[in-house]
Amino acid sequence: MDEYVLYCLADRFFYDTPTNRDAEHPDFELCTRPLPAGWEREATDVWMNYAPAEAPVPNQGWKIHVSSCLADVDRTLQVVWDYCLERGVPFKFLRNEPVVVMYNSKSADREASGKLVTIYPADDAQLELVLKELNHLLAGVRGPYVLSDLRYADGPLYVRYGGFAERHCLSDSGQRVLAVEHPDGRLVPDNRRPVFAPPEWASLPSFLEPHLAARNAVTTTELPYQIDGVIQFSNGGGVYLGRHKTSDRLVVLKEGRPHAGLDVHNRDAVARIEHEQAILERLAGIDEVPAVLDSFTLGEHRFLVEEFVDANPLQRLIVNDYPLTRPDPAPADLAAYAAWARSVLDRVETAVRALHGRGVVFCDLHPDNVLIGAEDRLVLIDFEVATAVEEQARSALAHPGYSAPPDRQGVAVDDYALACMRIGIFAPETTMLLPFHPGKAAQLADLIAETFPVPRPWLERAVQTIVGEAAEDSEDAETWPALPGRGRWPEVRESLSRAIVGSATPDRDDRLFPGDIAQFTPGGGLGFAHGAAGVLYALHHTGAGRFEEYETWLRSRALGPVKGTGFYDGRAGVAYVLDDLGHRQDALDVIELSLTEPVDGLEFGLRSGLAGIGLNLLHFWHRTGETSFLANATRVIDFVADRLGGPDDVPEISGEGNPRAGLLHGSSGAALLFLRGYEQNGDAGLLELAEIALRQDLRRCVLDDYGTRQVSQGWRTLPYLEEGSVGIAVVLRRYLQHRPDPDLAEALRSLQRVTRSEYFVQPGLFAGRAGLIMAAADDRTGGPDEVTERLIRGLAWHAVPHRGGLAFPGDRLLRLSMDLATGSAGVLLALGAALHHEPVQLPFFGSAPGTRTDEN
């Protein structure tokens, strides 16, 4: 599922664990019930796990999933609890109703949906017995179909072959994934796609064969429609492109899965499909509404057949045409976009008012639900949550950037979304920030009017609709602190550090500073990317201060459970920062613990894998002179070199099942390791390896019509520090200092050209504007140049006043973040790179002792 939504349940401002939500949504009563002697319980953010203390649990096998709709949850859990405890069978279940709803919501991952309970039989014989007996005990229980599994009979039980214990291996794309053991002893990826596809070597127990046959008997061959392709999937079902077999007319088929795809009213996708049909029939004849052609039921799934409109979503047109994502946009381009945008919005408003004239409120207006056709026809789609005007209802399932606040009902819900579209079409995705501060709408309008030839009064109408009765001088409003590029550096630094420090929670063990959801993995709240280490590093190196209490917090937990040994999300980065802050012995203790863990099965890259570990070991060798660090670093370098291959031994597409490119995941991180090794020992062979690694990442880049070279994912290109242009550029620039090369120098210029763009959807360091600022400021000799200054001023698009300071949203923009990778600490560090009197950098980018400037 989209776990970010799950971690929005507990707090208005920050991502947090669902267990920290308010007391109105307690855990299920079973979670606190006493256990029989000999049983153990382990709680996670979403699961309660139970197992007999002494009974061995297999590493893998056929597991049982029990599905249930909300009305049957209590009965289902009670039956499973009694059954498994009596027979000594390990099991786990989702711990509360909000988590169950999220796992079955429309945005949930399709492969995880429906799994209320997981049961771990000891062998095939117990599997058969448990299925037979529970099927009888749970007769009548209804639940979503578990798409990754085989259904047992027609009840709520499903089976899948997979891992019981958490084990990992490297996938074909080089990522560390959950694994099962092949009969030959190798660990291979545990397939968790939303389709029943057990490993070919895992024999299906014979008693399950009739159930597989029953599953395969349901086909679409008898339908009058042929399915030609998938438009999109959600947990509520698919949207398909098809054609009528007799007339050959193109149609769109919308599927509703029973008991799945819940909205805020806990209606399932079937109910919403039936509701949508009724709404569309009410709106029949309006040109901006697709016509209903048919409806039918197949295998309990409800289908609605609509006319096909040859069109593109407005969101796609915005992405393709938005001028600020291109380098050096001309005034004529800004004017042309503004004229087009205002014209489109006028047409959208006309369409919405036509709905209101028929007594219907759309309730789900956003750019993905507006189609503009090849012949310029504008059509609204997705009426699942539309309501009657007289109901004065709120939206049951809305885009978070266009979802009206609780004080808006009925037509006012659409008015709010229309106002957000006026802002969002000129500042994409920033409407996600409106709930954080009542003055953000007016500030965005000011920025839009400064940037585009759009009259401020035209925007003021949207601002007044968004603000509503929440006046900007209300108690909730905060005075805007000095903004980057507008205030002096010491003032901006102070406002950022005030928000960061003001958000600290030293009373918690899992995290010190709120950040990305990755901090809720074991030890993730400690690490460099998302935890305390990275925040303290940024505060210290930008001159924002040292904080003894927070350093003590990190030191006291540094030897606790941590999920990895990597630099950015494991022990290596924690050790680096402890040493950087002067806690040498603590750092050495962490390093010693990390050296006990094997490295040959780790990922390739700088973020979690070998490149970051090797760089950190080289760093500690020079810090301490201990030859054991050099020996281990050399061993890691050898591992990386053995895996590298040649310049063309990588696909031309990054991700999408292929190894990822870029600084933190790709070959550029390995190139930095080789360069650092060369700088410290003069081995020219390492320089050769660095060139190969860089050429691998350049192979996965494309040159666009605007002269920018970006990492290609096939369907989009990336300019960012983590997996994009500028991450490659900062390493390539260092390589060229040692070995000039005209072709690579030209590639560097095209990589760096992305910094001349003026808009980025996120502000963060790894995947947003801050990373571009750091790259633009790379190796500065004076103050920031014009390009860097423009990038810095652009941080205002995402800045939000918070606790008397200035904060920034994290990835997905759903909540604020203070961490280094996604949030305010990363923005602070990037500004320090450009503005601080002693420019700061990420680790390993400064000059190494004995750095060489050529091959001699």
Side-chain angles (χ1 to χ4, degrees), residues 1 3 6-7 17-19 39-66 84 89-95 99 103 109 111-112 115-123 127 146 148-149 158-183 185-194 197-199 201-202 510 517-527 530-531 560-566 568-571 593-594 596-603 607-609:
M1 63 178 300
E3 289 187 291
L6 181 65
Y7 284 85
T17 62
T19 55
W39 276 81
E40 294 179 340
R41 170 173 33 216
E42 180 184 357
T44 70
D45 290 342
V46 297
W47 294 100
M48 298 297 294
N49 299 267
Y50 298 85
E54 303 300 328
V57 178
N59 284 326
Q60 63 195 52
W62 291 97
K63 62 179 72 174
I64 300 170
H65 290 119
V66 187
C84 289
V89 182
F91 68 103
K92 69 177 182 180
F93 59 84
L94 297 176
R95 59 186 298 167
V99 171
Y103 264 70
D109 279 346
E111 60 267 26
K115 299 175 182 178
L116 172 67
V117 180
T118 305
I119 301 172
Y120 302 98
D123 50 35
L127 171 74
V146 180
S148 61
D149 292 22
Y158 298 80
V159 295
R160 184 183 82 84
Y161 190 94
F164 294 3
E166 184 175 331
R167 297 189 290 178
H168 296 87
C169 69
L170 294 181
S171 68
D172 291 340
S173 64
Q175 293 181 299
R176 193 166 181 260
V177 297
L178 291 169
V180 291
E181 187 175 334
H182 190 277
R186 292 179 297 118
L187 289 180
V188 297
D190 186 357
N191 175 16
R192 299 197 172 204
R193 293 177 296 146
W201 40 264
D510 57 343
I517 67 172
Q519 66 183 197
F520 300 115
T521 59
L526 307 179
H530 302 295
V562 176
K563 194 163 188 177
T565 59
Y568 279 97
D569 51 11
R571 295 190 191 279
L593 181 59
S594 69
T596 64
E597 302 182 31
V599 298
D600 54 345
L602 294 180
E603 298 175 8
R607 178 170 182 140
S608 306

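When reading the values below, keep in mind they use all heavy atoms of this one structure, side chains included, and skip hydrogens, waters and symmetry mates.
Among residue pairs with one or both ends in residues 167-183, those qualifying as salt bridge (Lys or Arg N to Asp or Glu O under 4.0 Å) are Arg167-Glu181; sequence neighbours excluded.
Arg186 meets the salt bridge (Lys or Arg N to Asp or Glu O under 4.0 Å) test with Asp184; sequence neighbours excluded. Remark: Thr565 pairs with no residue by the side chain to side chain donor-acceptor pair (under 3.5 Å) rule, at least two apart or across chains. With sequence neighbours left out, the side chain to side chain donor-acceptor pair (under 3.5 Å) criterion links Asn191 to Arg193. Residues satisfying the side chain to side chain donor-acceptor pair (under 3.5 Å) criterion with Lys115, sequence neighbours excluded, are Ser148. For Asp510, the salt bridge (Lys or Arg N to Asp or Glu O under 4.0 Å) partners at least two apart in sequence or on another chain are Arg508.
For the residue pair Asp190 and Tyr161, the shortest heavy atom distance occurs at OD1-O, 4.1 Å. Residues Pro90 and Pro52 approach most closely at CG-CD, 4.0 Å, considering heavy atoms.
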Check your understanding: Please walk me through it: do Asp45 and Tyr7 pass side-chain hydrogen bond (donor to acceptor under 3.5 Å, both in side chains)?
Key -> CA-CA 10 Å; Asp45 290 342; Tyr7 284 85; 2.9 Å; yes
Practice item. Any chance you could lay out the side chain to side chain contact (heavy atoms under 4.5 Å, CB included) test for Val180 and Phe164, step after step, and finish with the verdict? Key: CA-CA 9 Å; Val180 291; Phe164 294 3; over 6 Å; no
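Thr44 contributes atom OG1, which lies 7.5 Å from atom NZ of Lys92 (distance to the nearest 0.5 angstrom).
Tyr120 has its ring centre no less than 6.0 Å from the ring centre of Phe91.
Between Phe93 and Tyr50, the ring planes are parallel. Angles under 30° get that label, and only those over 60° would be called perpendicular.
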